[in-house]
*Asks:* 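Have a look at this one before I ask anything.
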Protein chains: 2
Amino acid sequence: MAEQAGTPRRTPLSRERILRTAIALADTAGIESLSMRNLAQELGVVPMALYKHVANKDELLDAMIDMVVGEIDTSIPDTDWKQAIRGRILSARSALQRHPWAALAIESRNMATPAILGYLDSVVATLRSGGLSADLAHHVMHAMGSRVLGFSQELFDTARDAGRSGPAAAPQPAAMPPEVAARFPHLAEIATAASHDDASVVGSGCDDQFEFEFALDLLLDGIERLQQQGWTSAHR
Amino acid sequence: MAEQAGTPRRTPLSRERILRTAIALADTAGIESLSMRNLAQELGVVPMALYKHVANKDELLDAMIDMVVGEIDTSIPDTDWKQAIRGRILSARSALQRHPWAALAIESRNMATPAILGYLDSVVATLRSGGLSADLAHHVMHAMGSRVLGFSQELFDTARDAGRSGPAAAPQPAAMPPEVAARFPHLAEIATAASHDDASVVGSGCDDQFEFEFALDLLLDGIERLQQQGWTSAHR
DNA sequence: CTTGACAGGTGTACGGCGTACACCTACCGT
DNA sequence: ACGGTAGGTGTACGCCGTACACCTGTCAAG
């Protein structure tokens, strides 16, 4: 229908389309190659055209973040608070894994898009309705830190670089070159420790999902214990 | 001595001097205003001069990170592992607080300067000598994540923006504007919860140091419990 | 049917960035 | 005396974000 050959007239550009293209670009090519010029080209449009729909690059990034945060499943199961929180956080994690650039982007912002605030608020609500005091809930949010948004926060982050065009993006830097292992013997020791009896692990060795849940449960169990023994700020 | 007036000939530039100036600049003006051109000017030198001492900006950043990590006190007290780790991490935290740009810089790097590896290795060594299995030590390192480097990782990060020239850098955004509080009632509730009986807190209300130690102890206590009950990877 | 406002895409230009590359110059060991 | 070399300089390129003036198609009011 319509659309003669003369002027190809792409679908007419809109904030929505810009955001989706930007996210797709960041997902596949890495956040560092998301420039206004790049993005415009992807949309078949001149760079300045974007500014009719977003204020500037920072606002664009904020909007992208909000869209990712919006992917987090916050449907509330009526189990106990611990399971509810656990589920929410694991959902957050999977959203952030679909968009590896998002974690760093969120941290770089001084803070708090409305979507993030809304999500945090819902988490706090769950804690409170689970019987935690406002005080304890406060400390818990700090303790969870960005983990509540699903950040693996690993330091040795395997995902981060993301991108690559091909489907196989090099499985891993492969264990550890021996001269490095020699200089850091204890790291070398534990690097191989966890993969010993587990078949699901292929690369240099650790199951990110397991590690994430290990830490998460460590925190959740500790929190539950505090709650059960009626924690108050009797410290300091 | 020497140094006539004709050519002011600043102290002759060196990798050391570049690094120190770069760190000072990042500390006081913020990492985003550390450019090669800026830094060169600060040193009274033309930008390209820097490249005789550092390979490029990335290498410069890595070296800056290494210098900050080098500030972490790793002297080993012969108390138990838990106290040793605790002390190390709190020292890391104070180093990172002196250089607010460092946390983000470290996370942006795909990973691991030698100094960081060395530090991590020493932490693992302490865990192992405290009797933790290699396996458990591995998971513990993941669970601690970047907290082992003293990251507050707060999400609502009060420090980050850093810089400012004057001594008073605005104490805090002041609690929460009421229309925001209305939209996020649970956040509003806990935002004020923790400051109730504590005089040491002035701003909008939380004692970062306390929160950090709260989370740290939650993790350490949980780990100790696992160790005491002889944890093995009997999960999954 | 004319008109004029306005939303949305365009073109040009500016200042800043990292850094490649050719150069110059002062010093040093032979 | 001299050639090499370490270290500072100058110019230039291609990228970035974006200010600002401009054009063009659409549509409502006269």
Side-chain angles (χ1 to χ4, degrees), chain A residues 1-23 25-26 28-65 101 104-105 108-110 163, chain B residues 1-23 25-26 28-65 101 104-105 108-110 163:
Chain A
M1 308 71 167
E3 245 36 313
Q4 286 301 92
T7 32
R9 269 277 170 267
R10 319 189 147 275
T11 46
L13 199 55
S14 72
R15 193 179 163 91
E16 182 72 14
R17 210 161 79 83
I18 290 177
L19 285 180
R20 267 209 273 272
T21 308
I23 290 176
L25 199 65
T28 62
I31 191 72
E32 76 287 348
S33 61
L34 174 71
S35 67
M36 298 302 270
R37 295 168 129 99
N38 243 316
L39 176 55
Q41 182 163 33
E42 195 79 8
L43 289 158
V45 115
V46 87
M48 286 312 292
L50 303 176
Y51 288 86
K52 289 280 152 67
H53 301 270
V54 301
N56 52 49
K57 193 178 179 178
D58 276 0
E59 200 235 15
L60 171 68
L61 281 171
D62 280 352
M64 289 168 65
I65 289 173
W101 48 270
L104 217 85
S108 316
R109 289 268 147 287
N110 279 14
Chain B
M1 307 61 176
E3 242 39 311
Q4 286 301 92
T7 32
R9 267 282 167 265
R10 319 188 147 276
T11 47
L13 200 56
S14 71
R15 191 177 165 95
E16 182 72 14
R17 209 162 79 82
I18 291 177
L19 284 181
R20 268 209 273 270
T21 308
I23 288 176
L25 199 67
T28 63
I31 190 72
E32 75 288 346
S33 61
L34 173 71
S35 67
M36 297 303 270
R37 295 167 129 101
N38 244 318
L39 176 57
Q41 184 164 30
E42 195 80 6
L43 289 160
V45 114
V46 88
M48 286 311 292
L50 302 176
Y51 289 86
K52 288 282 151 70
H53 300 270
V54 300
N56 52 49
K57 192 177 180 180
D58 277 0
E59 200 237 13
L60 171 68
L61 281 171
D62 281 351
M64 291 169 64
I65 289 173
W101 48 270
L104 217 87
S108 315
R109 289 267 148 289
N110 279 14

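Proteins come first, then strands; the chains are lettered A, B, ... in the order of their sequence lines, and each starts at number 1. The structure presented is a predicted model; accordingly, all values stated were derived computationally and were not measured. Hydrogens, waters and symmetry mates play no part in the numbers below; they use all other heavy atoms, side chains included.
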*Asks:* What is the distance from CG of A:D58 to C1' of D:dT18, rounded to the nearest Å?
*Replies:*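 Going from CG in A:D58 over to C1' in D:dT18 covers 12 Å.
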
*Asks:* Just how far, in rounded Å, is C1' of C:dG16 from CD of B:Q41?
*Replies:*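 About 13 Å, once rounded to whole Å.
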
*Asks:* Which whole-number value in Å describes the distance from B:L13 CG to D:dT9 P?
*Replies:*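 Distance, rounded to whole Å: 9 Å.
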
*Asks:* Sequence neighbours excluded, which residues qualify as side-chain hydrogen bond (donor to acceptor under 3.5 Å, both in side chains) partners of A:R20?
*Replies:*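 side-chain hydrogen bond (donor to acceptor under 3.5 Å, both in side chains) list for A:R20, sorted by chain: A:E16.
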
*Asks:* Could you state the CG-C1' distance from B:L39 to C:dC17, rounded to the nearest angstrom?
*Replies:*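 Distance, rounded to whole Å: 14 Å.
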
*Asks:* Picking from C:dC17, D:dT18, C:dT19, which would you name as closest to the side chain of B:N38?
*Replies:*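 When the side chain of B:N38 is considered, C:dC17 is the closest of C:dC17, D:dT18, C:dT19.
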
*Asks:* Between B:V46 and A:S33, name the one whose nearest nucleotide on DNA chain D is closer to the 5' end.
*Replies:*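 Result of the comparison: B:V46.
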
*Asks:* Compute the bend angle of the helix from C:dC1-D:dG30 to C:dT30-D:dA1 from the end axes (five pairs per end), rounded to 10°.
*Replies:*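 Comparing the axis at each end, I get an angle of 10°.
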
*Asks:* Once side-chain hydrogen bond (donor to acceptor under 3.5 Å, both in side chains) is applied, do any residues pair with A:N56, and if so which ones, sequence neighbours excluded?
*Replies:*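 side-chain hydrogen bond (donor to acceptor under 3.5 Å, both in side chains) list for A:N56, sorted by chain: empty.
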
*Asks:* Can you tell me if B:Q41 has over 12 outside heavy atoms packed within less than 6.0 Å of its CD?
*Replies:*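 Counting neighbours around CD of B:Q41, 12 or fewer heavy atoms of other residues, nucleotides or ligands fall under 6.0 Å, so no.
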
*Asks:* Between residues 49-57 of chain A and DNA chain C, which residues have a heavy-atom gap below 4.0 Å?
*Replies:*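 Within this stretch, A:A49, A:K52, A:H53 sit under 4.0 Å of the strand.
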
*Asks:* Test for a donor-acceptor pair under 3.5 Å between the base of C:dG16 and the side chain of B:R37, counting only N and O atoms.
*Replies:*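 There is none.
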
*Asks:* Please examine the side chains of A:V54 and A:M36, heavy atoms only from C-beta on, and report whether any two atoms are closer than 4.5 Å.
*Replies:*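 They are in side-chain contact.
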
*Asks:* I need the A:L25 CG to A:I18 CD1 distance, nearest 0.5 Å.
*Replies:*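 Separation between the atoms: 12.5 Å.
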
*Asks:* By side chain to side chain contact (heavy atoms under 4.5 Å, CB included), which residues pair with B:S35, not counting sequence neighbours?
*Replies:*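 Listed in chain order: B:R37, B:N38.
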
*Asks:* What is the separation between atom CZ on A:R17 and atom C1' on C:dG8, rounded to the nearest whole Å?
*Replies:*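 A:R17 atom CZ is separated from C:dG8 atom C1' by 13 Å.
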
*Asks:* Between A:M48 and B:L34, just flag the one whose closest nucleotide in DNA chain C comes earlier from the 5' side.
*Replies:*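 The residue whose closest nucleotide sits nearer the 5' end is A:M48.
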
*Asks:* Atom CD1 of A:I18 and atom P of C:dG8: how far apart are they, to the nearest Å?
*Replies:*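 Rounded to whole Å, this separation is 11 Å.
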
*Asks:* Could you check if a side-chain atom of B:L60 sits within less than 4.5 angstrom of a side-chain atom of B:L50, using non-hydrogen atoms only?
*Replies:*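 They are not in contact (no side-chain heavy atoms under 4.5 Å apart), so the answer is no.
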
*Asks:* Write down the atom of B:P47, the atom of B:A40, and the distance for their closest heavy-atom approach.
*Replies:*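 Reported closest heavy-atom pair: CA-CB, 3.4 Å.
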
*Asks:* In whole angstrom, give the distance that lies between atom CZ of A:R15 and atom P of C:dG9.
*Replies:*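 Answer to the nearest Å: 14 Å.
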
*Asks:* Looking at every heavy atom in both B:L13 and B:A49, which two are closest together, and how far apart are they?
*Replies:*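 So the minimum-distance heavy-atom pair works out to CD2-CB, 4.2 Å.
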
*Asks:* Calculate the interatomic distance between B:E32 atom CD and C:dC17 atom C1'; express it in whole Å.
*Replies:*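 My rounded result for the distance is 14 Å.
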
